[in-house]
Amino acid sequence: MDKLSAITGVVLAGGRATRMGGQNKGLMLLNGKALWRHVAECLAAQVAHVAVSANRDLDAYRACGYPVITDTLPDFPGPLAGMLSAMQSLHSEWYLFCPCDTPHIPADLAQRLWSAKDVRSAVWVNDGERDHPAIALIHQSVKAPLSNYLARGERRVMVFLREVNGCAVKFANKDDFANVNTLDELERWQEK
């Protein structure tokens, strides 16, 4: 069996995008293509299924044919809420989560995280300088602990991943995980 067929890729596009002036970050264009589509297309080349976690402008996301999952928790409680909603809605053994604002993820992201997971239920990216806990491969067995964690009012992704005995996987090129958080950053990445 192809190992990557056990993974569903999920583009996390459900935030408020406050640093993008409230504009829907995932729909902002980078070199003529929406940010989220850069991520979705890269994931689609690596895993069997792709979905999008989004909370507004749903028709724009649905237009590309991927399943679109909305948060089951109110008030945009963060990436973990999107992760939980995806895990509750999509049947998969593993989920590869990636924010919509990381359009340069590597073509071997899924394979490298898969190979490094060993017996862990969660692994995330470290670019050599910092952790990127929202770029994570997570096993479906953490669904109940994640639900309980969010029910306690917790929201910190890294704390949760450590609670479920996750670990970081080192990647060498930090530009692969650069976030496009502001309009200035988006402009800098155009045609780069």
Side-chain angles (χ1 to χ4, degrees), residues 1-15 25-26 28 30-31 33-54 61 64-69 78-80 82-87 90-143 146 157-158 160-162 164-181 185-186 189 192:
M1 177 180 97
D2 177 11
K3 291 179 182 176
L4 301 182
S5 67
I7 302 172
T8 295
V10 180
V11 181
L12 297 171
K25 188 189 309 184
M28 301 297 293
L30 175 63
N31 300 327
K33 186 188 306 180
L35 279 173
W36 79 271
R37 289 198 60 180
H38 287 273
V39 178
E41 289 172 8
C42 190
L43 289 176
Q46 301 180 52
V47 300
H49 305 283
V50 174
V52 180
S53 168
Y61 290 107
C64 289
Y66 295 114
V68 177
I69 310 302
L80 288 176
M83 291 175 178
L84 178 62
S85 297
M87 295 174 81
L90 305 166
H91 180 71
S92 188
E93 184 178 0
W94 290 89
Y95 302 86
L96 176 52
F97 296 100
C98 192
C100 67
D101 63 0
T102 53
H104 304 292
I105 57 172
D108 63 348
L109 175 66
Q111 187 61 55
R112 292 199 44 208
L113 290 174
W114 178 268
S115 297
K117 69 177 174 42
D118 194 28
V119 298
R120 298 191 183 268
S121 59
V123 290
W124 66 88
V125 167
N126 178 290
D127 67 13
E129 291 183 11
R130 69 182 202 93
D131 288 306
H132 297 271
I135 306 174
L137 179 66
I138 300 178
H139 191 262
Q140 57 86 19
S141 64
V142 307
K143 183 171 23 176
L146 177 52
V157 181
M158 182 67 75
F160 173 73
L161 293 176
R162 287 193 173 125
V164 296
N165 198 32
C167 73
V169 176
K170 298 272 192 211
F171 285 76
N173 187 355
K174 68 179 181 177
D175 284 346
D176 288 346
F177 306 102
N179 296 92
V180 179
N181 284 315
E185 289 172 357
L186 182 65
W189 281 101
K192 189 170 187 180

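A quick note: this is a predicted structure, and the numbers were derived from the prediction, not measured. Sequence positions, counted from 1, serve as the residue numbers for this chain.
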Using side-chain heavy atoms (C-beta onward) and a distance below 4.5 Å, is [X] in contact with [Y]?
| X | Y | result |
| --- | --- | --- |
| L43 | C98 | yes |
| H104 | L30 | yes |
| K143 | L146 | no |
| V39 | T102 | yes |
| C64 | W36 | yes |

Point to revise | Qualifying residues under salt bridge (Lys or Arg N to Asp or Glu O under 4.0 Å), relative to K33, sequence neighbours excluded | key: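 With neighbours one apart ignored, the set is E41.
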Donor-acceptor contact present, side-chain [X] to main-chain [Y], <3.5 Å:
| X | Y | answer |
| --- | --- | --- |
| Y61 | I69 | no |
| R112 | K170 | yes |
| R120 | N165 | yes |
| Q46 | A110 | yes |

**Study point:** side chain to side chain contact (heavy atoms under 4.5 Å, CB included) between Q111 and L4, worked out
**Key:** CA-CA 7 Å; Q111 187 61 55; L4 301 182; 3.9 Å; yes
Compile the donor-acceptor pairs under 3.5 Å between side chains in residues 132-140 and protein atoms, sequence neighbours left out, one pair per line.
| from | atom 1 | to | atom 2 | distance (Å) |
| --- | --- | --- | --- | --- |
| H132 | NE2 | D127 | OD2 | 2.9 |
| H139 | ND1 | S141 | N | 3.0 |
| H139 | ND1 | S141 | OG | 2.9 |

Taking every non-hydrogen atom, the tightest pair across [X] and [Y]:
| X | Y | answer |
| --- | --- | --- |
| P67 | L90 | CB-CD2, 4.4 Å |
| F97 | A86 | CE2-CB, 3.9 Å |
| A116 | V169 | CB-CG2, 3.6 Å |
| K25 | L35 | O-CD1, 3.3 Å |
| V47 | G9 | CG2-N, 3.6 Å |
| V123 | L113 | CG2-O, 3.7 Å |

Check your understanding: Considering residues at least two apart in sequence or located in another chain, which fulfil the side chain to side chain contact (heavy atoms under 4.5 Å, CB included) criterion with A168?
Key ->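 Side chain to side chain contact (heavy atoms under 4.5 Å, CB included) check on A168 returns W124, N126, D131.
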Practice item. Would you please name every residue forming a side chain to side chain contact (heavy atoms under 4.5 Å, CB included) with P106, sequence neighbours left out? Key: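 Testing P106 for side chain to side chain contact (heavy atoms under 4.5 Å, CB included), a comparison that skips the adjacent residues, returns D108, L109, F171, D176, F177.
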Exercise for review: Sequence neighbours left out, what passes ring-ring contact (aromatic ring centres under 6.0 Å, His included) with H38? Give chain and number order.
Suggested key: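 Scan of H38 (ring-ring contact (aromatic ring centres under 6.0 Å, His included), adjacent residues dropped) gives none.
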What distance do [X] atom [atom1] and [Y] atom [atom2] have between them, rounded to the nearest 0.5 Å?
| X | Y | atom1 | atom2 | answer |
| --- | --- | --- | --- | --- |
| M87 | S53 | CE | OG | 12.5 Å |
| K117 | C167 | NZ | SG | 11.0 Å |
| L80 | F160 | CG | CZ | 7.0 Å |

Practice item. Using the test side-chain hydrogen bond (donor to acceptor under 3.5 Å, both in side chains), find all partners of T8 that sit at least two apart in sequence or belong to another chain. Key: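 side-chain hydrogen bond (donor to acceptor under 3.5 Å, both in side chains) check on T8 returns S92.
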